[in-house]
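Please read the structure below before turning to the comments.
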Amino acid sequence: MSAQPSPTSPASGAPPRKGSVDLATEFLDRSSPLGRIRNLLHRYPALSPGIVLVAAVIIFGVISPRFFFVSNLSLITQQVAVVGTLAIAQTLIILTAGIDLSVGAIMVLASLVMAQTASANHVPAPLALVIGLIVGLLAGAVNGALVTRLKLPPFIVTLGTLNVFLAVSLLYSNGASVIGQQIPDLITSTGNTFSVDGVGITYGVVIMLVLYIVMAFVMTKTAWGRHVYAVGDDKESARLAGISVNRVLLSVYIAAGAILAIGAWIQIGRADAASPNAGTDLNLDSITAVVIGGTSLFGGRGTIWGSLLGALIVGVFRNGLALAGLDVLYQTLAVGILIIVAVSLDQWIRKARS
Amino acid sequence: MDPKGTQLTITEGDRPSSTLPYSQPVLQAKALVKTYGKVVGLDGVDLELYQGEVLAVIGDNGAGKSTLIKCLTGAEIPDTGELWLNGRRVQFKRPQDAKHYGIETVYQGLAVSPALDIASNLYLGREIREQGFAGTVLRIMDTRLMRANAKQELDRLGISTLQDVTVAIENLSGGQRQAVAVARAAAFGSKVVILDEPTAALGVRESGQVLDLIRRLRDEGIPVILVSHNMPQVFEVADRIHIQRLGKRAAVITPQSHSMTEAVAIMTGASTE
């Protein structure tokens with residue numbers, strides 16, 4: 001079933017033969033425009049968030065002229081950088097039909113370790129970054145080990161480790177933030193900007209984009225990426241195909257931990273500080289980005305790029321609604337509606353398949 | 001590994017040479033015993049599978065069919081008894097071990113990944129990487145080669161209904177999905193293909209496609225063990241029929257020597273031969 005593009009308007013020609021389609025061929029039906037759209041969306045999961053993003057940009061641009069100001073576009077990218085990075089880690093885990101509630105907590109822990117070791121313990125900045133990365137890896141490995149060895153649901157595991165990691169962060173930092181002046185320049189450099197045609201772009205945004213490119217490549221071009229999809233799609237058939245399911249799952253959680261540590265670096269630059277209270281909203285925001293980006297919570301379906309689109313959609317909505325002069329409450333309302341629409345769309349796309 | 005299975009030259013020091021060297025089984029089970037606590041699953045079962053045949057395994061529920069198959073595929077480890085593959089003693093601790101020796105199994109239900117395409121499913125767990133730097137360092141898969149090979153494999157097995165190997169499995173009918181599962185088992189130079197109730201979930205026409213595929217495997221030189229409840233199908237496609245009863249092999253018959261009624265009689269214990 002190669003879904004051809006251009007779901008042309010049916011209004012003039014032959015009307016779609018509704019009701020006369022027998023059940024066996026319904027899901028392959030290309031004659032009705034709705035069926036074609038569904039096929040198309042199914043084949044290209046990043047298509048629907050892409051359309052939403054473009055529409056949102058146009059609408060907010062019309063509503064508020066300030067939306068397209070260079071400074072505003074620059075601001076949106078900076079606001080998206082941290083959530084966008086966390087969303088990569090979240091995508092990996094959701095693709096395995098899991099969920100990670102501890103992404104924010106791991107990021108906070110790693111950021112505090114980076115900042116503290118470099119400031120209080122006078123560890124050289126590059127080494128401090130590496131230590132933070134290792135902490136992220138280990139935290140991911142703890143999640144992965146609990147999921148694979150104890151066979152606990154990822155939701156429960158990460159709900160537990162969310163609290164554990166946050167508590168450890170608070171204990172480690174004595175509840176205090178490390179401010180930017182105390183942190184070596186290398187570690188806060190992710191917040192520095194350079195200018196492209198007048199648009200200020202931070203190095204943090206660049207790191208996020210590089211991570212997207214690398215991970216999109218890994219997920220589509222390597223056997224490991226394909227195994228991640230297979231495990232999320234159907235664990236049992238993946239096992240029967242000879243894939244070591246537990247090893248794949250463990251490696252996913254460890255990779256996610258590493259990505260979260262890089263997110264921690266970006267966060268320090270963005271906030272010009274490492275704070276134990278930074279990650280509270282980031283858990284749900286990362287899940288939001290992934291879901292709006294078209295990745296299915298049931299696993300096995302979705303793309304890395306979709307999550308960037310999802311993160312951008314949330315960023316554009318929040319920014320656009322704020323520019324339109326609406327209260328922050330309406331931003332939250334809009335994001336909530338977006339989530340429900342995105343998941344409903346996912347269900348609708350999948351429904352005709354089973 | 002030789003695809004045609006010219007295995008007859010192997011001689012093992014600790015094994016007396018067979019009296020009939022040309023009829024050496026490809027896969028042989030000797031006196032397999034498997035107990036689960038006090039329940040006896042297998043009570044000394046023998047099984048021989050020869051080159052170029054379809055051996056059906058039938059039996060009532062609880063006769064030990066599944067346990068027997070699990071022991072042959074490494075999903076269960078027999079308590080005692082021996083497995084011989086092409087004259088070599090083998091032991092399987094995991095399904096991967098059996099796979100490693102070229103014993104491929106198609107499990108009941110459709111063990112394929114619905115969201116992945118046909119080529120990805122055929123190569124799942126044994127992806128081919130690109131040559132050189134791209135493959136060894138960047139670990140890029142050679143998607144084009146895998147697709148071309150998948151197409152070739154499907155053509156070889158005469159699965160003409162699957163033209164586009166980039167189609168996701170979930171867009172296929174049940175029979176086509178099972179065909180993909182069978183093709184995956186038959187590809188990659190496997191020595192034995194074991195099918196566990198391959199038509200249980202399928203309609204009449206789709207079952208026919210799978211049976212055709214089983215015959216084709218045999219004609220390609222791959223011996224097949226077929227576990228089935230469906231007597232007409234068994235009698236249609238099998239060369240020999242192993243009848244399992246109460247954890248033992250009750251008889252081995254052929255569709256020519258016995259009728260379906262007689263087979264059922266042996267299965268249920270109403271008759272002994």
Side-chain angles (χ1 to χ4, degrees), chain A residues 1-4 22-30 35 38-39 42-45 95-97 214 217-245 247-248 295-296 298-303 346 349-354, chain B residues 73-75 94-100 104-130 134-135 137-143 146 163-175 177 180-181 184-185 188 196 203 205-206:
Chain A
M1 175 224 66
S2 63
Q4 294 302 318
D22 75 284
L23 282 173
T25 56
E26 187 184 35
F27 63 86
L28 289 172
D29 182 30
R30 267 167 280 165
R38 176 145 63 185
N39 285 341
H42 190 265
R43 202 165 168 94
Y44 304 102
L95 279 176
T96 67
V214 169
F217 175 85
V218 167
M219 294 308 288
T220 53
K221 299 289 181 200
T222 72
W224 183 80
R226 188 163 287 172
H227 293 175
V228 171
Y229 279 95
V231 167
D233 195 13
D234 190 332
K235 217 178 254 186
E236 186 60 14
S237 66
R239 192 182 67 80
L240 293 174
I243 294 173
S244 174
V245 171
R247 196 182 299 174
V248 170
T295 295
S296 168
F298 301 102
R301 259 162 257 259
T303 60
D346 176 50
I349 292 169
R350 289 157 49 93
K351 197 166 63 179
R353 307 280 140 183
S354 53
Chain B
T73 58
R94 278 162 289 148
Q96 277 87 342
D97 296 345
K99 233 185 226 301
H100 174 76
E104 290 282 343
T105 313
V106 177
Y107 296 91
Q108 197 166 0
L110 305 156
V112 282
S113 282
L116 296 180
D117 65 36
I118 294 172
S120 302
N121 262 287
L122 279 182
Y123 276 94
L124 194 58
R126 48 192 156 200
E127 287 81 1
I128 302 175
R129 288 208 293 267
E130 298 248 18
V137 180
L138 299 180
R139 308 185 80 78
I140 302 175
M141 294 182 291
D142 194 339
T143 310
M146 286 193 285
Q163 283 302 319
D164 183 359
V165 293
T166 64
V167 171
I169 293 290
E170 62 198 342
N171 295 336
L172 304 179
S173 71
R177 289 183 198 203
V180 172
R184 181 167 77 188
F188 312 109
D196 188 3
R205 196 170 58 87
E206 298 187 319

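Note on naming: letters A, B, ... go to the chains in the order of the sequence lines (proteins, then strands), and numbering restarts at 1 for each one.
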Can you list everything that forms a side-chain hydrogen bond (donor to acceptor under 3.5 Å, both in side chains) with B:Arg126? Sequence neighbours excluded, please.
B:Glu104

Can you list the residues that meet the side-chain hydrogen bond (donor to acceptor under 3.5 Å, both in side chains) rule with A:Ser244, with sequence neighbours excluded?
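Counting only residues at least two positions away or on another chain, A:Ser244 forms no side-chain hydrogen bond (donor to acceptor under 3.5 Å, both in side chains).
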
Does B:Asn121 form a side-chain contact (heavy atoms from CB on, under 4.5 Å) with B:Arg184? I'd like the steps, not just the answer.
CA-CA 8 Å; B:Asn121 262 287; B:Arg184 181 167 77 188; 3.9 Å; yes

How long is the straight-line distance from OG1 of A:Thr220 back to CD1 of B:Ile140, given to the nearest 0.5 Å?
9.5 Å

Could you check which of B:Ala168, B:Ala75, B:Ser120 has the highest count of heavy-atom pairs closer than 4.5 Å to chain A?
B:Ser120

Taking B:Gln96, B:Arg94, B:Glu130, B:Lys99 one by one, which has the highest count of heavy-atom pairs under 4.5 Å against chain A?
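Most heavy-atom pairs within the cutoff with chain A belong to B:Lys99.
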
I need the residue from A:Ala241, A:Gly232, A:Gly225 with the largest number of non-hydrogen atom pairs under 4.5 Å to chain B.
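With the most close heavy-atom pairs to chain B, the winner is A:Ala241.
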
Taking every heavy-atom pair that is under 4.5 Å apart, which of A:Arg239, A:Arg226, A:His227 has the most such pairs with chain B?
A:Arg226

Checking side-chain contact (heavy atoms from CB on, under 4.5 Å) for the pair B:Ser113/B:Ile169: CA distance, chi angles, key distance, verdict?
CA-CA 7 Å; B:Ser113 282; B:Ile169 293 290; over 6 Å; no

What part of B:Arg129 gets within 4.5 angstrom of chain A, counting heavy atoms only: side chain, backbone, both, or neither?
neither

